[in-house]
Amino acid sequence: MNTIHAVRAEILDFTADPATHGSAALRHYEDGMLVIEAGRVLNFGDAQALLPTLAPNTPVTHYKDHLIIPGMIDTHTHLPQTSMVAAHGGGQLLNWLNNCTFPTEMRFSDAQYADRIAGFFIEELLRNGTTTAMVFGSVHPTSVNAVFKHAMQRDMRIIAGKVMMDSHCPNDLQDSPEQAYNDSKALIEQWHNKGRLQYAVTPRFAPSCSVEQLNIAGELLAEYPSVYMQTHLSENTDECDWVKTLFPEAKDYLDVYQRANLLGRRSIFAHAIHVSDDELKRLSEHQSSIAHCPSSNLFIGSGLFNLKRCEQAKVQIGMASDIGAGTSFSLFQNYNEAYKIQQLQGETLSPFKGLYLNTLGGARALDLEGVIGNFNQGCEADFVVLNKSASPLLKLRLEDSNEIEDTLFALMMLGDDRCVSRTYIMGEIAYSDNDDNDNDG
Ligand code: GUN
Ligand code: ZN
């Protein structure tokens, strides 16, 4: 749509990291307005100030008693694990992979199944107010074709890649370095930078890749410098010990990846729980990012992520659901878990920092600042309209909440998909909870 339109409600976003800038990082308007032109932010601010700047008859949708935030960004999740969330009896990472994950991912050899799950996955992201995600496919190129197809139909910004894995996994899930190269290259040529889609070279994690396979990943990145790289790093102590025995030549876990030239501005490492200061320093030097996966870390008992240490090392961090080790698509529920992880370490995670991680922090982690993550002029108009009384308990809790910090805290601790009233993609409604009473047009 090329005409200008606007939405009006309480609205907020972040222009900086609240950890370094405090509440000055927040822009908050109790009666705010977002003006959209051709799917991008034209203006953002106080409604009373902006209303006179609009041409007569500009459509304004007023979401009374709602709160608008930037679309949330899930920096690490697994499409083929959608149907196995909350797998029972899996134990910790390595058993969970063998007993629950690999059998489920095998189902993606069936293109029809892959298509059904990809359609569900994209809709579930939207229902939870997630407008951008960085996604692991399965080893099958079909998985990436399926998720990109559905994302494209919804004009969603999705980064995804076919998993590369040639070791320590069932035969049916193995590729070879040559096949991984050919399949990944074909997917890059077909999808990378097509509309809002971008490709990520995706070596699963060190134990499922030979050195040759990791080197092939590095070659792909050298050949296509604008594609992303995603993998897992230091999630579980048994995994870390295994990596030491598998790669005795490497000085530490990160070095396994560094030797293959996998570190860069568009490299995202999931977890990074059991990392050394030196590894964090090298991540920072290469401007690589960490995807923090709180509900996953608790569900498969991986450990407590030390956010402060990563911040001090100046590593970009984004929030992530890590479906299906993670137990919720909702990045609010992942904030809930992240808050408790910090509590257990004697630290606090403010709701400002939490929502920053879910929005601008994620954009920065994915090298997409200025494109998504806040309401700066020219940014893609992906945003979420939140219903602050979505559940009886939330409604009661917020009755006496007058400060935005407290409101946000309760909303993120208690909220989930039920709070998402509308999800907008490029300025258009992509998901609606069908409650027609919550705007007066
Ligand atoms: N490490 C390697 N593969 C996986 C995966 O699928 N999920 C998680 N959480 N960790 C992994
Ligand atoms: Zn993962």
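Atoms within a ligand are numbered from 1 in the order they appear, just like the ligands themselves. On a predicted model such as this, the values are computed, not experimentally measured, just so you know.
Proximity of E239 to ligand 1 is not established, as no heavy-atom distance is less than 4.0 Å.
Of all the heavy atoms of F102, none lies under 4.0 Å from any atom of ligand 1, so neither backbone nor side chain is involved. With a 4.0 Å cut-off on non-hydrogen atoms, E235 touches ligand 1 through its side chain and not its backbone.
For the pair R204 and ligand 1, the shortest N or O to N or O distance falls below 3.5 Å.
Between F136 and H78, the ring planes are tilted. Angles from 30° to 60° get that label. Using the six-membered ring where Trp is involved, F44 and F375 have ring planes that are tilted, between 30° and 60° apart. By the 30° and 60° cut-offs, the orientation of the rings of F383 relative to Y424 is parallel.
No hydrogens or angles considered: a donor-acceptor pair under 3.5 Å links the side chains of E223 and Y181.
Here the side chain of Q190 pairs no donor or acceptor atom with the backbone of A186 at under 3.5 angstrom.
Checked against the 6.0 Å centroid criterion, the rings of Y257 and F269 qualify as a close aromatic pair.
When all heavy atoms are compared, the tightest approach of I268 to T75 is CG2-O, 3.9 Å.
Around atom 7 (N) of ligand 1, the closest heavy atom drawn from F299, W96, F136 belongs to W96.
Rounded to 10 degrees, the NE2-metal-OD1 angle spanning H232 and D322 at the Zn ion (ligand 2) equals 170°. The Zn ion (ligand 2) is the vertex of the angle joining NE2 of H78 and NE2 of H76, which measures 100° to the nearest 10°.
The ligand atoms of ligand 1 that sit less than 4.0 angstrom from a heavy atom of H271 are 9 (N). Within ligand 1, counting atoms from 1 as listed, the ones closer than 4.0 Å to a heavy atom of L97 are 2 (C), 3 (N), 4 (C), 5 (C), 6 (O). Less than 4.0 angstrom separates some heavy atom of A325 from each of these atoms of ligand 1: 9 (N). In the vicinity of H78, heavy-atom distances shorter than 4.0 Å reach the ligand 1 atoms 5 (C), 6 (O), 7 (N).
Checked options T237, D238, N236; the residue passing with Q92 is N236 (criterion: side-chain hydrogen bond (donor to acceptor under 3.5 Å, both in side chains)).
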